[in-house]
**Student:** 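The structure's right below; bear with me while I get my questions together.
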Amino acid sequence: MKVIGITGGVGCGKSTVLNLIKENFNAFIIMADDVAKDLMKKGKKGYDETIAFFGDEIIDETTGEIDRPKLASVIFSNPNKRIVLNSIIHPVVKKEIVSMITQAKIDNKYDYIFVEAALLLDDHYNVFCDETWYIYADEDSRRERLKESRGYSDEKIDGIIKSQLGEEEFKNGCDIVVDNSGNINDTYAQLVKLLQM
Ligand SMILES: CC(C)(COP(=O)(O)OP(=O)(O)OC[C@H]1O[C@@H](n2cnc3c(N)ncnc32)[C@H](O)[C@@H]1O)[C@@H](O)C(=O)NCCC(=O)NCCS
Ligand SMILES: Nc1ncnc2c1ncn2[C@@H]1O[C@H](COP(=O)(O)OP(=O)(O)OP(=O)(O)O)[C@@H](O)[C@H]1O
């Protein structure tokens, strides 16, 4: 069962590619952002440690959960605080992902395991992937898509892009490049070729 790591900058289309894979291939999908989100819910270790450092001001008063847009504005404008959050969350996320991969291999129900993470290379997830794919989309398309679908401002996109690897680093660090600058059908055709359907 091949383990394939998927990475790329904000809004390049990682989730879109994984949805295509989920619908068309027999694959187990793990998304680091979702694992992190779960581990940062109220009552979980990631929540307690995040609040201990960032304070009650990042708590949403109505739900008691972490106010994600608030935390995003802090970490994407302050690299030192981002490093602290990464040091709290990333080790637990990585541990959880390794255990999910191990379980999926034991269950042996899938042809592929896909692990998606924007920080796949930074956090050395490639050591447990058989292959790594960089999902590329040109920056103008990414900005346009993020503004339209999520209402992100240029300032917010700038902050996130600055905190992630650049195009060349992603390209050099990955085995394969999937170009998602075009339409979904073009991207799907590349997936079929790569997975030799
Ligand atoms: C900052 C948070 C609250 C923002 O949540 P929100 O729902 O608004 O955005 P989302 O999670 O979709 O992230 C937006 C983009 O930023 C990227 N991103 C998230 N955290 C980081 C980070 N620490 N460094 C660089 N990029 C990041 C995501 O991959 C995505 O491309 C959230 O991303 C978070 O808790 N981040 C810390 C945990 C983390 O590092 N997750 C990434 C994989 S482990
Ligand atoms: N080929 C495409 N054509 C048109 N729109 C696209 C294409 N690929 C992705 N999109 C749109 O771009 C936006 C960002 O895509 P997506 O959420 O898949 O990116 P992501 O890399 O997973 O983002 P994040 O880094 O935040 O996790 C979404 O609204 C998605 O529908």
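Computed from heavy atoms alone, side chains included, the values below leave out hydrogens, waters and symmetry copies. Note that ligands are numbered from 1 as they come in the structure, with each ligand's atoms numbered from 1 the same way.
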**Student:** Tell me, which protein residue and heavy-atom name are nearest atom 4 (C) of ligand 1, and how many Å apart are they?
**Tutor:**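 Atom 4 (C) of ligand 1 sits closest to the protein heavy atom A72 CB, 3.8 Å.
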**Student:** Looking at every non-hydrogen atom in both residues, tell me the closest pair between E131 and K2 and how far apart they are.
**Tutor:** OE1-NZ, 2.9 Å
**Student:** Could you give me the CA-CA distance, side-chain angles and deciding distance for T16 and N19, then say whether side chain to side chain donor-acceptor pair (under 3.5 Å) is met?
**Tutor:** CA-CA 5 Å; T16 305; N19 281 335; 5.7 Å; no
**Student:** Just checking K22: does its NZ atom have more than 12 heavy atoms from other residues, nucleotides or ligands closer to it than 6.0 angstrom?
**Tutor:** no
**Student:** Students should be able to answer this: which protein heavy-atom is nearest to atom 25 (O) of ligand 2, and at what distance?
**Tutor:** K14 NZ, 2.8 Å
**Student:** Mark up the atoms of ligand 1 that fall under 4.0 Å of a heavy atom belonging to V10, in ascending order.
**Tutor:**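 Reading through ligand 1 atom by atom, the close ones are 15 (C), 31 (O).
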**Student:** Should D154 and K147 count as an ion pair when the cut-off is N to O under 4.0 Å?
**Tutor:** yes
**Student:** Counting non-hydrogen protein atoms only, what is the nearest one to atom 8 (N) of ligand 2? Give residue, atom name and distance.
**Tutor:**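 Protein heavy atom with the smallest distance to atom 8 (N) of ligand 2: N180 ND2, 2.9 Å.
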**Student:** Which residue and non-hydrogen atom of the protein lie closest to atom 19 (O) of ligand 2, and at what distance in Å?
**Tutor:**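 It is G13 N, 3.2 Å.
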**Student:** Give me the residue, atom name and distance of the protein heavy atom closest to atom 23 (N) of ligand 1.
**Tutor:** N86 OD1, 2.8 Å
**Student:** Given the rule in the side chain to side chain contact (heavy atoms under 4.5 Å, CB included) test, do V10 and L146 qualify, once you have shown the distances and angles that lead to the verdict?
**Tutor:** CA-CA 9 Å; V10 60; L146 286 169; 3.8 Å; yes
**Student:** Is T7 reaching over with its side chain to a backbone N or O of A118, donor-acceptor style, under 3.5 angstrom?
**Tutor:**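 Pair found, side chain donor or acceptor close to backbone of A118.
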**Student:** Of the protein's non-hydrogen atoms, which lies at the shortest distance from atom 30 (C) of ligand 2, and what is that distance?
**Tutor:**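 Going by distance alone, atom 30 (C) of ligand 2 is nearest to T16 OG1, 3.7 Å.
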**Student:** Does G8 have a heavy atom less than 4.0 Å from any atom of ligand 2?
**Tutor:** no
**Student:** Among protein heavy atoms, which lies nearest atom 17 (C) of ligand 1, and at what distance?
**Tutor:** Q164 NE2, 3.3 Å
**Student:** Hey, does the Lys NZ or Arg CZ of K156 hover above the aromatic six-ring of Y152, less than 6.0 Å from the centre and inside 45° of the axis?
**Tutor:**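 Yes, a cation-pi geometry.
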**Student:** When you look at T187 and N180, which way does the side chain to side chain donor-acceptor pair (under 3.5 Å) test go after all the steps?
**Tutor:** CA-CA 6 Å; T187 302; N180 183 43; 2.8 Å; yes
**Student:** Protein heavy atom under 4.0 angstrom of atom 13 (O) of ligand 1, is there one?
**Tutor:** no
**Student:** Work out whether the distance between some heavy atom of P69 and some atom of ligand 1 is less than 4.0 Å.
**Tutor:**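 Not so, P69 does not reach ligand 1.
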**Student:** Judged by non-hydrogen atoms, does G182 sit under 4.0 Å from ligand 2?
**Tutor:**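 Contact present.
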**Student:** Check N26, I21, L195, V3 against Y112 for a side-chain contact (heavy atoms from CB on, under 4.5 Å) and give me the one that passes.
**Tutor:**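 Among the candidates, only L195 passes.
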**Student:** Which ligand 1 atoms, with their elements, are less than 4.0 angstrom from a heavy-atom of M40?
**Tutor:**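 Those of ligand 1 that fall under 4.0 Å from M40 are 35 (O).
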**Student:** Nearest to atom 23 (O) of ligand 2, what protein heavy atom do you find, and at what distance?
**Tutor:** R150 NH2, 3.0 Å
**Student:** Looking at R143 and D158, is there a salt bridge between them, counting it only when a charged N and a carboxylate O are closer than 4.0 Å?
**Tutor:**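 Yes.
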**Student:** Looking at V74, is its backbone amide N or carbonyl O close enough to the side chain of N78 to form a donor-acceptor pair, meaning the two atoms are under 3.5 Å apart?
**Tutor:** no
**Student:** Out of curiosity, is A118 lining ligand 2, as in a heavy atom under 4.0 Å away?
**Tutor:** no
**Student:** Looking only at protein heavy atoms, which one is nearest to atom 11 (C) of ligand 2, and what is the separation?
**Tutor:** R145 CD, 3.9 Å
**Student:** One residue to check: V35. Relative to ligand 1, which of side chain, backbone, both or neither has a non-hydrogen atom less than 4.0 Å away?
**Tutor:** neither
**Student:** Can you tell me which residue and heavy atom of the protein come closest to atom 18 (N) of ligand 1, and the distance to 0.1 Å?
**Tutor:** F76 CZ, 3.7 Å
**Student:** Within a distance under 4.0 Å of any heavy atom of R82, pick out the atoms of ligand 1 and give their elements.
**Tutor:** 23 (N), 24 (N)
**Student:** Among all protein heavy atoms, pick the one closest to atom 9 (O) of ligand 1 and tell me residue, atom and distance.
**Tutor:** Y152 OH, 4.0 Å
**Student:** As an exercise, identify every atom of ligand 1 less than 4.0 angstrom from a heavy atom of A118.
**Tutor:** 29 (O)
**Student:** Could you tell me whether some N/O pair between R150 and ligand 1 is separated by less than 3.5 angstrom?
**Tutor:** no
**Student:** Donor-acceptor pair, D38 side chain versus D34 backbone, under 3.5 Å?
**Tutor:** no
**Student:** Distance-only, no hydrogens or angles: does the K41 side chain make a donor-acceptor pair with backbone N or O of G46 under 3.5 Å?
**Tutor:** no
**Student:** Give the numbers and elements of all ligand 2 atoms closer than 4.0 Å to a heavy atom of I184.
**Tutor:**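 Per the distance check, 1 (N), 2 (C), 7 (C).
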**Student:** Which bit of I135 gets closer than 4.0 Å to ligand 2, counting heavy atoms only: side chain, backbone, both or neither?
**Tutor:** neither
**Student:** Between T187 and ligand 2, does any nitrogen or oxygen pair lie at a separation below 3.5 Å?
**Tutor:**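 The answer is no, given that T187 and ligand 2 share no N or O pair closer than 3.5 Å.
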**Student:** With the 4.5 Å side-chain cut-off for hydrophobic clustering, are L120 and I30 part of the same group?
**Tutor:**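 Linked, L120 and I30 end up in one cluster.
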**Student:** Look at atom 30 (C) of ligand 1 and say which protein heavy atom is nearest, naming residue and atom and giving the distance to 0.1 Å.
**Tutor:**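 Answer, as residue, atom name and distance: D33 OD2, 4.0 Å.
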**Student:** Can you list every pair that meets ring-ring contact (aromatic ring centres under 6.0 Å, His included) and has a residue in residues 62-84, with sequence neighbours left out?
**Tutor:**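 Applying ring-ring contact (aromatic ring centres under 6.0 Å, His included) to every pair that reaches into residues 62-84, excluding sequence neighbours, yields nothing.
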**Student:** When you measure from atom 1 (C) of ligand 1 to every protein heavy atom, which one gives the shortest distance, and what is it?
**Tutor:**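 Checked against all protein heavy atoms, atom 1 (C) of ligand 1 sits closest to I75 CD1, 3.6 Å.
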**Student:** Number the atoms of ligand 1 from 1 as they appear, then name those within less than 4.0 Å of a heavy atom of S163, with their elements.
**Tutor:** 25 (C), 26 (N)
**Student:** Suppose we screen for ring-ring contact (aromatic ring centres under 6.0 Å, His included). Which residues come up paired with F53, at least two apart in sequence or across chains?
**Tutor:**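 By the ring-ring contact (aromatic ring centres under 6.0 Å, His included) rule, F53 matches no residue at all.
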**Student:** Got an N/O contact under 3.5 Å between H90 and ligand 1?
**Tutor:**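 Right, the criterion is met.
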**Student:** Do I97 and W133 share a hydrophobic cluster (ILVMFWY, side-chain heavy atoms under 4.5 Å, transitive)?
**Tutor:** no
**Student:** Polar-atom distance check: L146 versus ligand 2, any N or O pair below 3.5 Å?
**Tutor:**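 No.
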**Student:** Nearest to atom 28 (C) of ligand 2, what protein heavy atom do you find, and at what distance?
**Tutor:** S149 OG, 3.9 Å
**Student:** Relative to the heavy atoms of D33, which atoms of ligand 2 are at a distance of less than 4.0 Å?
**Tutor:** 27 (O)
**Student:** When only distance counts, is R68 in polar contact with ligand 1, meaning an N/O pair under 3.5 Å?
**Tutor:** yes
**Student:** Looking at F28, does the NZ or CZ of K109 lie under 6.0 angstrom from its six-membered ring centre and within 45 degrees of the ring axis?
**Tutor:**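 Not flagged: K109 not positioned over aromatic ring of F28.
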**Student:** Determine the sole option in E49, H90, M40 for which the side-chain contact (heavy atoms from CB on, under 4.5 Å) test with L85 is passed.
**Tutor:** M40
**Student:** To which of I89, L119, L85 does the heavy atom nearest atom 37 (C) of ligand 1 belong?
**Tutor:** L85
